[in-house]
Structures are given as structure tokens and as C-alpha cells.
Amino acid sequence: MDIQQLIEIDRDLLLKWNGSGSLFWDGFMWIVSDTKTWIFAAAMLLYIIFKNTKWTHGMLIIVMLALTVTLADQFASGLCKPFFERFRPTQDPELMYLVDVVNGYRGGRYGFMSSHAANTFAFALFISLLIRNGWLTCILFLWAAIPSFSRIYLGVHYPGDVLCGAVSGCVMAVLVYWLYHAIKKKYFECPQYISGQYTSSGFAIADIHLFYSVLLLTCLYIVVAGMMVSKYLHF
């Protein structure tokens, strides 16, 4: 299979997954794709980090997390998009009139790779490696997949843009986590936890349940806000 065949498969998948003809799903995906939607869930994770670590250790984690997302974002948007110059589906002269757009949104000119996918998967993997809880890892990767898919639904990215963005974000997360782990091992205590009340890296399971609650409330907000957006905005 050559690169042209892969591009054609990518286009076929985009046309299959883009839009739905449902105003509810248009509003739902519009809200899911908005980074501000996830602020409270991110704030809860920051609370969990500082509650379960010393202040200096917590600050190191925040710096490393910021570095992870910054590297993922700049690799996707600062390097790959201007280098590859691949049109977004909504900007591609050969395809743009076949793509369903929501609220007139077409994004910037180029779309390879998806910075949404790079950032969310980088965030999800770094937090998963940090906290080390199986259920949390599954939920974080499911969370990362939903806003990433919304970019295909909205027609601003091909599936290939999202897949490559997700992979690049995971690579950045692993590299920065290695750096964080080396610094932690040298300057901070690294006890091993075997209690059922804590993860192996020392985060309280009860605090992770608080995060699940905030995430559930965020999902309820998305449903309500999505219905309101679909009713009051013109698509």
C-alpha cells in the first residue's frame, strides 16, 4: 500500500465520520471540542497532585506537565503543520464543499498534525504514568479520544491527522516523563505504596474518585450545553 492509497483511505474515513445531520450531535461535538469545557476536570487533577505530594514535588510535576503539552503542541502546530502544508478538510479545494461544517467553523489553513489530539493524549499519558491506576488510565485515554474524534466530526482534521497527533503526543509524554522520573529519583523520596487506599506511586484512591465525579459532572454539562447550543446557534 503506497502513500496515495493511505491518503484516499483517510479521505474516505473523514467523509464517513464527518457530521451526522443531527443538531444535537453538532452541539455536543462543538462543546466537547472546546478546551474550556475541561477546565474543572484539569483543576481537580492539579488539586490531586498537590494534595498527594509535597509542594516542591507538586511544582516539579506541574512544570513537567506544562512542558509535555507545550512540546506536543509545538511539534504539531509549530513544526508539522507549516512543514507538511496539508490542507484541513474544510480548507481543501478538492473536498471543502463535501465536508459538513458546524457553526461556520473551518479552522486554520493546515491540519497535519492535530494539536488537539497531540495535547490531550500527551496529557492523558503523562498523568497515567504519574498516578499509575488502571481505571484512571482507561478513562483518561477515553477522554483524550472523544475531543480528538470531535475534530474529525467537525471536519477540521482527517483521521490520519488525529492518529499521528495522538502518537506524537504520547511520544512527548514518555520522553518528558523519563526526565521527570530521573529528577524525582535524584531529589525526592520515592516510597513504594502497597496499601489498597493508594496507587503504587502514592496517590489516594479516594481522590481519584473525586476526579471521576468532576468528570461525570462535566459530561452532564456537555449534554446540556450541547442541547442549548444546537437550539440557539445557527449551523
Taking all atoms of both residues into account, what is the closest heavy-atom pair of [X] and [Y], and its distance?
{"X": "Pro82", "Y": "Ser77", "value": "CD-O, 3.3 Å"}
{"X": "Ser33", "Y": "His116", "value": "O-NE2, 3.0 Å"}
{"X": "Lys81", "Y": "Ser115", "value": "NZ-OG, 3.6 Å"}
{"X": "Val156", "Y": "Gly107", "value": "CG1-N, 4.2 Å"}
{"X": "Thr218", "Y": "Thr37", "value": "CG2-O, 3.5 Å"}
{"X": "Cys170", "Y": "Phe121", "value": "SG-CB, 4.1 Å"}

With a 6.0 Å cut-off (strictly less than), is the heavy-atom count around [atom1] of [X], excluding the residue itself, greater than 12?
{"X": "Tyr47", "atom1": "OH", "answer": "no"}
{"X": "Tyr212", "atom1": "OH", "answer": "yes"}
{"X": "Glu94", "atom1": "CD", "answer": "no"}

When hydrophobic residues are tied together by side-chain contacts of less than 4.5 Å, even through go-betweens, does [X] share a cluster with [Y]?
{"X": "Tyr105", "Y": "Tyr97", "result": "no"}
{"X": "Phe123", "Y": "Leu46", "result": "yes"}
{"X": "Ile48", "Y": "Phe50", "result": "yes"}
{"X": "Leu140", "Y": "Leu142", "result": "yes"}
{"X": "Ile146", "Y": "Leu13", "result": "yes"}

Mark yes or no for whether [X], through its side chain, and [Y], through its backbone, hold a donor-acceptor pair below 3.5 Å.
{"X": "Ser168", "Y": "Ala118", "value": "no"}
{"X": "Asp2", "Y": "Gln4", "value": "yes"}
{"X": "Arg132", "Y": "Leu129", "value": "yes"}
{"X": "Tyr177", "Y": "Ile127", "value": "no"}
{"X": "Thr199", "Y": "Ile131", "value": "yes"}
{"X": "Thr70", "Y": "Leu67", "value": "no"}
{"X": "Trp38", "Y": "Val32", "value": "yes"}
{"X": "Arg106", "Y": "Val101", "value": "no"}

Could you please spell out the steps behind the ring pair (Phe, Tyr, Trp, His ring centres under 6.0 Å) verdict for Tyr198 and Phe203? CA-CA 5 Å; Tyr198 296 92; Phe203 288 84; 9.5 Å; no
Mind jotting down which residue pairs meet the side-chain hydrogen bond (donor to acceptor under 3.5 Å, both in side chains) criterion with at least one end in residues 15-25? Sequence neighbours excluded, please.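 Every side-chain hydrogen bond (donor to acceptor under 3.5 Å, both in side chains) pair that includes a residue of residues 15-25, provided the two are not neighbours, is Ser20-Tyr153.
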Can you run down the side-chain hydrogen bond (donor to acceptor under 3.5 Å, both in side chains) pairs that involve residues 55-69, sequence neighbours left out, and say none if there aren't any?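 Listed by first then second residue: His57-Tyr180.
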Measuring from atom [atom1] of [X] to atom [atom2] of [Y], what distance do you get when rounded to the nearest 0.5 angstrom?
{"X": "Ile222", "Y": "Met227", "atom1": "CD1", "atom2": "CE", "value": "12.0 Å"}
{"X": "Ile61", "Y": "Leu130", "atom1": "CD1", "atom2": "CG", "value": "4.5 Å"}
{"X": "Ile49", "Y": "Asp207", "atom1": "CD1", "atom2": "CG", "value": "11.5 Å"}
{"X": "Leu216", "Y": "Leu220", "atom1": "CG", "atom2": "CG", "value": "5.0 Å"}
{"X": "Leu45", "Y": "Leu210", "atom1": "CG", "atom2": "CG", "value": "11.0 Å"}
{"X": "Asp12", "Y": "Ile7", "atom1": "CG", "atom2": "CD1", "value": "12.0 Å"}

With sequence neighbours left out, what residues match [X] under salt bridge (charged side-chain N to carboxylate O under 4.0 Å, His left out)?
{"X": "Asp100", "answer": "none"}
{"X": "Glu85", "answer": "none"}
{"X": "Lys54", "answer": "none"}
{"X": "Asp73", "answer": "none"}

Strictly below 4.0 Å, N to O, side chains only: are Asp10 and Arg86 in salt-bridge contact?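 Salt bridge present between Asp10 and Arg86.
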In plain terms, say whether Arg11 and Asp92 are close enough for a salt bridge, that is, a side-chain N and a carboxylate O under 4.0 Å apart.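 Yes, Arg11 and Asp92 are salt-bridged.
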Leu125 vs Phe141, side chain to side chain contact (heavy atoms under 4.5 Å, CB included): CA-CA, chis, key distance, verdict: CA-CA 8 Å; Leu125 183 54; Phe141 273 81; 3.8 Å; yes
Are [X] and [Y] side-chain neighbours, meaning at least one heavy-atom pair lies under 4.5 Å?
{"X": "Asp161", "Y": "Tyr158", "result": "yes"}
{"X": "Ile205", "Y": "Gln197", "result": "no"}
{"X": "Phe211", "Y": "Leu215", "result": "yes"}
{"X": "Phe149", "Y": "Val162", "result": "no"}
{"X": "Leu136", "Y": "Ser128", "result": "no"}
{"X": "Met113", "Y": "Phe75", "result": "yes"}

For Leu79 and Gln74: C-alpha separation, side-chain torsions, deciding distance, then whether side chain to side chain contact (heavy atoms under 4.5 Å, CB included) applies. CA-CA 6 Å; Leu79 180 63; Gln74 288 305 304; over 6 Å; no
Using the ring centroid of each side chain, check whether Phe87 and Tyr110 are separated by less than 6.0 Å.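 Yes - the distance between ring centres of Phe87 and Tyr110 falls below the 6.0 Å cut-off.
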Set out, in order, the CA-CA distance, both residues' side-chain angles and the distance that settles side chain to side chain contact (heavy atoms under 4.5 Å, CB included) for Ile31 and Val223, then state yes or no. CA-CA 9 Å; Ile31 297 297; Val223 172; over 6 Å; no
Can Leu95 and Leu15 be said to form a side chain to side chain contact (heavy atoms under 4.5 Å, CB included), step by step? CA-CA 9 Å; Leu95 201 67; Leu15 292 174; 4.2 Å; yes
